[in-house]
Amino acid sequence: MKTIGLIGGMSWESTIGYYRKINQGVKNTLGGLHSAKILLHSVDFAPIEKLQHSGNWTGAAEILVDAAKSVESAGADFVLICTNTMHKVAPEVEQSIRIPLLHIADATGEELVKDGISKVGLLGTAFTMEQSFYKDRLSEKYGLEVVIPSEKDRKLVHDIIYNELCLGNINATSRHEYIRIVNELELAGVDAVILGCTEIGMLISQEHAGIPLYDTTAIHAAKAVEWAMS
């Protein structure tokens, strides 16, 4: 079994989900008392959040590069960035290390293609929904048509992530709004919706939607187990 490197803490609420899902996956695969070999570098999210919202992605990249180097030097065989948004700096991270980076958009895109999805809605932070680093990877590499909510709803989705979910606050009114937005994306003709922020699965799940929801945390973690067993 390979050793999995995790760059977490963005937020730590969703990193808990990674740790649980990866260990459950290894246990389900190997049985008994088996658990995953994991090296976790958990960063302080507050400085990164400030860098994100000030547009200082170079500064944010430096923090993640240092984290990636630390898990590599500790013996990780490959590394995951446990957040969708910070894959904006995935190229800088990849260039700084010799071990592979398991990209969350690749894991998700492969799953969508396997399931025959061609038009997909995307929920996430404003950075993930509006900037090109995530949408273009899905469209150019996997041929997916990516649809995002209206500007007003994008702000709502973004604010709920940072002001509630990253703090571990689950609000029924916010859940209702997310379900409404998913339903509107369905009316826009999407075949499925990507929960493209690792905290969104804390708020809504498949039971809340009439179309398939692709939880990127679950998909990324499952692919990490697959890589660890290969």
Side-chain angles (χ1 to χ4, degrees), residues 1-49 52 60 63-90 93-94 97 99-108 110-111 123-125 128 134 160-162 164-170 194-206 213-230:
M1 180 171 33
K2 294 188 177 93
T3 299
I4 304 168
L6 300 180
I7 303 174
M10 300 167 285
S11 67
W12 66 262
E13 294 282 351
S14 65
T15 303
I16 291 172
Y18 270 91
Y19 188 79
R20 180 183 299 112
K21 291 176 189 301
I22 290 172
N23 276 293
Q24 286 172 338
V26 168
K27 180 182 178 181
N28 291 341
T29 302
L30 298 179
L33 295 175
H34 284 288
S35 56
K37 296 168 63 179
I38 292 173
L39 291 167
L40 169 62
H41 185 121
S42 190
V43 300
D44 180 7
F45 188 36
I48 292 175
E49 183 272 336
Q52 289 174 339
I63 296 172
L64 263 64
V65 164
D66 287 344
K69 287 179 177 178
S70 75
V71 295
E72 179 183 40
S73 64
D77 293 297
F78 61 94
V79 64
L80 283 69
I81 301 172
C82 300
T83 160
N84 288 271
T85 297
M86 289 308 293
H87 278 74
K88 180 175 174 69
V89 302
V93 173
E94 284 184 300
I97 54 177
I99 58 175
L101 170 72
L102 173 49
H103 199 292
I104 198 167
D106 289 343
T108 303
E110 289 170 8
E111 197 73 13
L123 300 181
T125 66
T128 300
Y134 199 92
I160 288 170
I161 289 168
Y162 279 95
E164 298 176 20
L165 300 181
C166 287
L167 298 172
N169 298 329
I170 308 302
I194 298 170
L195 306 185
C197 173
T198 52
E199 284 82 18
I200 295 178
M202 297 162 54
L203 187 65
I204 61 171
S205 58
Q206 192 57 64
L213 301 181
Y214 284 75
D215 183 342
T216 52
T217 301
I219 292 168
H220 207 197
K223 184 60 72 171
V225 173
E226 184 181 316
W227 277 30
M229 296 296 150
S230 64

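These numbers come from the heavy atoms of this one structure, side chains and all, not from hydrogens, waters or symmetry mates.
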Step through the shown structure and confirm whether more than 12 heavy atoms of other residues, nucleotides or ligands are within 6.0 Å of OH on Tyr162.
yes

Closer than 4.0 angstrom, basic N to acidic O: yes or no for Lys223 and Glu226?
yes

For Thr85 and Thr125, which I'm curious about, is there any donor-acceptor pair between the side chains at under 3.5 Å?
yes

Strictly distance-based, threshold 3.5 Å: is any side-chain N or O of Thr216 a donor or acceptor partner for the main-chain N or O of Leu195?
yes

Drop me the distance from Ile160's CD1 to Asn169's CG, to the nearest 0.5 angstrom.
11.5 Å

Look up atom CD1 in Ile104 and atom OH in Tyr134, then write down how far apart they are to the nearest 0.5 Å.
5.5 Å

Could you check whether any side-chain heavy atom of Leu6 comes within less than 4.5 Å of a side-chain heavy atom of Ile22, counting everything from C-beta outward?
yes

Any heavy-atom pair between the side chains of Thr15 and Phe45 that's under 4.5 Å?
no

Crowded around Lys27 NZ? As in, over 12 foreign heavy atoms under 6.0 Å?
no

Look at the side chain of Ser230 and the backbone N and O of Trp227, then say whether any donor-acceptor pair between them is shorter than 3.5 Å.
yes

Atom pair CD1/NZ of Ile99 and Lys69 - distance to nearest 0.5 Å
12.5 Å

Which of parallel (below 30°), tilted (30 to 60°) and perpendicular (above 60°) describes Tyr18 and His220?
perpendicular

If only atom types and distance count, is the side chain of Glu199 paired as donor or acceptor with the main-chain N or O of Ser11 below 3.5 Å?
yes

Shortest non-hydrogen contact between Gly9 and Ser42, atoms and distance
CA-OG, 3.5 Å

Any side-chain heavy atom of Val79 sitting closer than 4.5 Å to one from Glu72?
no

Taking Thr217 for the side chain and Thr198 for the main chain, is one N or O donor matched with an acceptor at less than 3.5 Å?
yes

Side-chain heavy atoms of Leu165 within contact of Glu13, under 4.5 Å
no

Nearest heavy-atom pair of Ile81 and His87: which atoms, and what distance?
O-CE1, 3.1 Å

The reported gap from CD1 in Ile48 to OG1 in Thr83 (rounded to nearest 0.5 angstrom) is 9.0 Å

Looking at every non-hydrogen atom in both residues, tell me the closest pair between Ala221 and Lys21 and how far apart they are.
CB-CB, 3.8 Å

Would you say Met86 and Val93 make side-chain contact, with heavy atoms under 4.5 Å?
no

Heavy-atom distance under 4.5 Å between the side chains of Leu203 and Ile170, does that happen here?
yes

Look at the side chain of Gln206 and the backbone N and O of Leu213, then say whether any donor-acceptor pair between them is shorter than 3.5 Å.
yes

Is any side-chain heavy atom of Met229 closer than 4.5 Å to a side-chain heavy atom of Val26?
yes

Measure the spacing between CG of Asn23 and CG of Asn28 and express it to the nearest 0.5 Å.
10.5 Å

Say you draw a straight line from CD of Glu110 to CD1 of Ile219; how long is it, rounded to the nearest 0.5 Å?
10.5 Å

I need the minimum non-hydrogen distance between Cys197 and Gly124, along with the two atoms involved.
CB-CA, 3.9 Å

Of all heavy-atom pairs linking Asp215 and Gly201, the shortest is OD2-CA, 3.8 Å

Tested for side chain to side chain contact (heavy atoms under 4.5 Å, CB included) against Leu80, the lone hit among Leu101, Ile7, Leu102 is Leu102

